[in-house]
Amino acid sequence: MARDNTTRRSKILSSLAEKLEVIDGTGAYKTDIADSISPRMLFWDEVDQFPAVHMSAGMETRQYYGGGNKWRFLNVTIRVYVNGEDPIEELELVLEDIETVLDANSTLGYEEDSGTDKNVVQITLISIDTDEGALAPLGVGEMVLEMRY
């Protein structure tokens, strides 16, 4: 039996990672990250393939309404690692590709442990940040999202 008060953090991250796999350098996508996406955060010394995209679930909050209704809000951090001649340009291209996928999947579907299909009803992009070339030829960018489900 599914519990009403459990978080869906790992299911949402896995679903998001699956959606990002379409970024393969073809069509509208300018980068190829299809084989370098992880639904968990890795440390720099664990990154051996560039570009790399890693995610982590952060703070989660609830808003409670009458009749047992509530919204859950999950902060997700997407971190992008690149290694190249112009890391700032590479980061911008990867981040643009990720935003393109987010725009196309604003009601991200995920499956609960019970097998029930559910949706994130809104993805809000809170911030985008990069190291601005401070680590060249390496580069790191970060995108923070809020997912309402």
Original post:
Which salt bridge (Lys or Arg N to Asp or Glu O under 4.0 Å) pairs, counting each pair once, include a residue from residues 95-106, with sequence neighbours left out?
Top reply: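 Applying salt bridge (Lys or Arg N to Asp or Glu O under 4.0 Å) to every pair that reaches into residues 95-106, excluding sequence neighbours, yields nothing.
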Original post:
Can you list every pair that meets salt bridge (Lys or Arg N to Asp or Glu O under 4.0 Å) and has a residue in residues 27-38, with sequence neighbours left out?
Top reply: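 Checked against salt bridge (Lys or Arg N to Asp or Glu O under 4.0 Å) - neighbours excluded - no pair reaches residues 27-38.
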Linking Ile, Leu, Val, Met, Phe, Trp and Tyr by side-chain heavy atoms under 4.5 Å, what else ends up with [X]?
X: Leu135; value: Met41, Trp44, Val47, Phe50, Tyr81, Leu138, Val140
X: Ile126; value: Val144
X: Met59; value: none

Donor-acceptor pair, [X] side chain versus [Y] backbone, under 3.5 Å?
X: Thr77; Y: Ser56; value: no
X: Arg9; Y: Gly58; value: yes
X: Glu92; Y: Glu89; value: no

Original post:
Taking only residues two or more places apart in sequence, or in another chain, which ones meet Ser10 in a side chain to side chain donor-acceptor pair (under 3.5 Å)?
Top reply: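 Ser10: no side chain to side chain donor-acceptor pair (under 3.5 Å) contacts found.
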Original post:
Which residues pass the side chain to side chain donor-acceptor pair (under 3.5 Å) test with Gln63, sequence neighbours left out?
Top reply: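 If we apply the side chain to side chain donor-acceptor pair (under 3.5 Å) test to Gln63, skipping adjacent residues, the hits are Tyr65.
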If the condition is side-chain contact (heavy atoms from CB on, under 4.5 Å), which residues does [X] pass it with, not counting sequence neighbours?
X: Glu85; result: none
X: Thr100; result: Tyr29
X: Val121; result: Trp71, Arg148
X: Thr116; result: Glu112, Ser114, Lys118

Original post:
Between Val120, Leu102, Asn105, which is the residue that forms a side chain to side chain contact (heavy atoms under 4.5 Å, CB included) with Leu16?
Top reply: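 For Leu16, the side chain to side chain contact (heavy atoms under 4.5 Å, CB included) check succeeds only for Leu102.
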Original post:
Among pairs that include at least one residue of residues 126-141, which meet side-chain hydrogen bond (donor to acceptor under 3.5 Å, both in side chains), considering only residues two or more places apart or in two chains?
Top reply: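 Matches after skipping sequence neighbours: Thr130-Glu132.
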